[in-house]
Participant: 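Before anything else, here's the structure in question.
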Amino acid sequence: QVQLVESGGGSVQPGGSLRLSCTASGLFFSINGMGWYRQAPGKQREFVASIFSGTTADYADSVKGRFTISRDKNTVSLQMNSLKPEDTAVYSCQADGKRTIVSEIRSYWGQGTQVTVSS
C-alpha cells in the first residue's frame, strides 16, 4: 500500500525548534510535489509549506522566515524554528503523485504528528 509516515513531532517551549520528516513508501511511479499542512483543535486544516523541486518552495505567511521545507526524493522535511504557541497543531504530510504510468495524479496523506508549543 502507498503510505506516508511522519515523524519528529513533540512538545517544545516557545522559541524552540523541531524537525519533521515524512517518507512516502510503497509503489509510486512518480511524485510531483510534497508539502505540509496543519490542523489545530476546532479549526480547519491549513497550508503550511510545499515544494516541487530543490529550489521551488511556497510558505504560508504565518511561517515565513521561521520554517524551511526541503525534499530528498520521497522524503520531505520541515525545519521549524522560533516556534510559537499558535504553531500547536497536528502536522500532516501530503504528496501528489501517480501510482502507475497510466494513473492520474492524486493526493496522498499521512496520519499526522502532534506538535505542541507551550510554556
Side-chain angles (χ1 to χ4, degrees):
Q1 290 284 85
V2 174
Q3 186 176 22
L4 275 63
V5 179
E6 303 98 335
S7 63
S11 181
V12 298
Q13 295 182 341
S17 298
L18 285 173
R19 184 176 179 85
L20 305 182
S21 182
C22 171
T23 298
S25 62
L27 294 179
F28 282 94
F29 176 76
S30 65
I31 295 178
N32 287 13
M34 302 184 76
W36 291 93
Y37 292 75
R38 67 186 182 186
Q39 186 170 23
K43 297 184 178 180
Q44 297 293 316
R45 179 184 293 167
E46 66 176 351
F47 168 80
V48 176
S50 64
I51 187 168
F52 285 84
S53 70
T55 58
T56 303
D58 193 23
Y59 298 92
D61 289 341
S62 60
V63 306
K64 287 181 179 178
R66 300 188 298 119
F67 292 9
T68 302
I69 189 171
S70 60
R71 178 184 173 185
D72 180 12
K73 296 182 179 179
N74 289 357
T75 298
V76 62
S77 298
L78 187 69
Q79 178 66 46
M80 305 184 295
N81 298 326
S82 302
L83 284 163
K84 305 175 181 179
E86 51 263 44
D87 293 319
T88 296
V90 174
Y91 285 70
S92 299
C93 174
Q94 179 265 344
D96 294 327
K98 302 173 64 174
R99 285 279 288 111
T100 71
I101 191 171
V102 298
S103 300
E104 294 185 355
I105 297 175
R106 60 153 290 182
S107 293
Y108 298 87
W109 293 86
Q111 290 297 110
T113 184
Q114 178 70 48
V115 171
T116 302
V117 185
S118 66
S119 300

Participant: With rounding to the nearest 0.5 Å, note down the distance linking OG1 in Thr23 to CE in Met34.
Facilitator: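 Going from OG1 on Thr23 over to CE on Met34, the span is 7.5 Å.
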Participant: Looking at every non-hydrogen atom in both residues, tell me the closest pair between Gly97 and Tyr108 and how far apart they are.
Facilitator: O-CE1, 3.9 Å
Participant: Count the heavy atoms belonging to other residues, nucleotides or ligands that lie under 6.0 Å from CD of Glu86, then report whether that count exceeds 12.
Facilitator: yes
Participant: Return each pair, listed once, that meets ring-ring contact (aromatic ring centres under 6.0 Å, His included) where at least one residue sits in residues 59-84; pairs must be two or more places apart or across chains.
Facilitator: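 Output for this query is empty, none listed.
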Participant: Side-chain contact test, heavy atoms from C-beta onward, threshold under 4.5 Å: evaluate it for Cys93 versus Trp36 and give yes or no.
Facilitator: yes
Participant: What are the two closest non-hydrogen atoms of Gly35 and Ile69, and how far apart are they?
Facilitator: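 Closest heavy-atom pair between Gly35 and Ile69: CA-CD1, 4.1 Å.
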Participant: Ser103: what forms a side-chain hydrogen bond (donor to acceptor under 3.5 Å, both in side chains) with it, not counting sequence neighbours?
Facilitator: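 Listed in chain order: Thr100.
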Participant: Tell me the closest heavy-atom pair linking Ala95 and Ile31, and the distance in Å.
Facilitator: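 It is CB-CG2, 4.2 Å.
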Participant: Going by side-chain hydrogen bond (donor to acceptor under 3.5 Å, both in side chains), name the residues that satisfy it together with Ser11, two or more places apart in sequence or in a different chain.
Facilitator: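 Listed in chain order: nothing, the list is empty.
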Participant: My understanding is that only residues two or more places apart in sequence, or in another chain, count here; which of them pass side-chain hydrogen bond (donor to acceptor under 3.5 Å, both in side chains) with Glu6?
Facilitator: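 So Glu6 forms no side-chain hydrogen bond (donor to acceptor under 3.5 Å, both in side chains) with any residue.
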Participant: Please collect all salt bridge (Lys or Arg N to Asp or Glu O under 4.0 Å) contacts where either partner lies in residues 96-113, sequence neighbours excluded, each pair once.
Facilitator: none
Participant: Using a 4.5 Å cut-off between side-chain heavy atoms of Ile, Leu, Val, Met, Phe, Trp and Tyr, which other residues end up in the same hydrophobic cluster as Ile105?
Facilitator: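 Other cluster members: none.
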Participant: What residues form a side-chain hydrogen bond (donor to acceptor under 3.5 Å, both in side chains) with Ser82, not counting sequence neighbours?
Facilitator: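 Result, side-chain hydrogen bond (donor to acceptor under 3.5 Å, both in side chains) vs Ser82: none returned.
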Participant: Are a donor atom and an acceptor atom from the side chains of Thr88 and Thr116 found within less than 3.5 Å of each other?
Facilitator: no
Participant: Please tabulate, one pair per line, all N/O donor-acceptor pairs under 3.5 Å involving side-chain atoms of residues 37-52, not counting sequence neighbours.
Facilitator:
residue	atom	partner	partner atom	Å
Arg38	NE	Glu46	OE2	2.7
Arg38	NH1	Asp87	OD1	3.0
Arg38	NH1	Tyr91	OH	2.9
Arg38	NH2	Glu46	OE2	3.3
Arg38	NH2	Ser62	OG	3.4
Gln39	NE2	Lys43	O	3.0

Participant: Using 0.5 Å steps for rounding, measure from the SG atom of Cys22 to the CD atom of Gln111.
Facilitator: 11.0 Å
Participant: Do Val117 and Met80 have side chains that approach each other closer than 4.5 Å (heavy atoms only, starting at C-beta)?
Facilitator: no
Participant: Just distance, no hydrogens or angles: give the donor-acceptor pairs under 3.5 Å from side chains in residues 14-21, sequence neighbours left out.
Facilitator:
residue	atom	partner	partner atom	Å
Ser17	OG	Asn81	OD1	2.9
Arg19	NH1	Gln79	OE1	3.3

Participant: Which atom names give the shortest non-hydrogen contact between Ala89 and Gln114, and what distance separates them?
Facilitator: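 Nearest heavy atoms, Ala89 then Gln114: O-NE2, 3.4 Å.
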Participant: Hydrophobic clustering (ILVMFWY, side-chain heavy atoms < 4.5 Å, transitive) - are Val5 and Val90 grouped together?
Facilitator: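 Different clusters: Val90 never reaches Val5 through Ile, Leu, Val, Met, Phe, Trp or Tyr contacts under 4.5 Å.
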Participant: With sequence neighbours excluded, what pairs up with Asp61 under the salt bridge (Lys or Arg N to Asp or Glu O under 4.0 Å) test?
Facilitator: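 For Asp61 the salt bridge (Lys or Arg N to Asp or Glu O under 4.0 Å) partners, ignoring immediate neighbours, are Lys64.
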Participant: Which pairs count as salt bridge (Lys or Arg N to Asp or Glu O under 4.0 Å) when at least one residue sits in residues 26-36, sequence neighbours excluded?
Facilitator: none
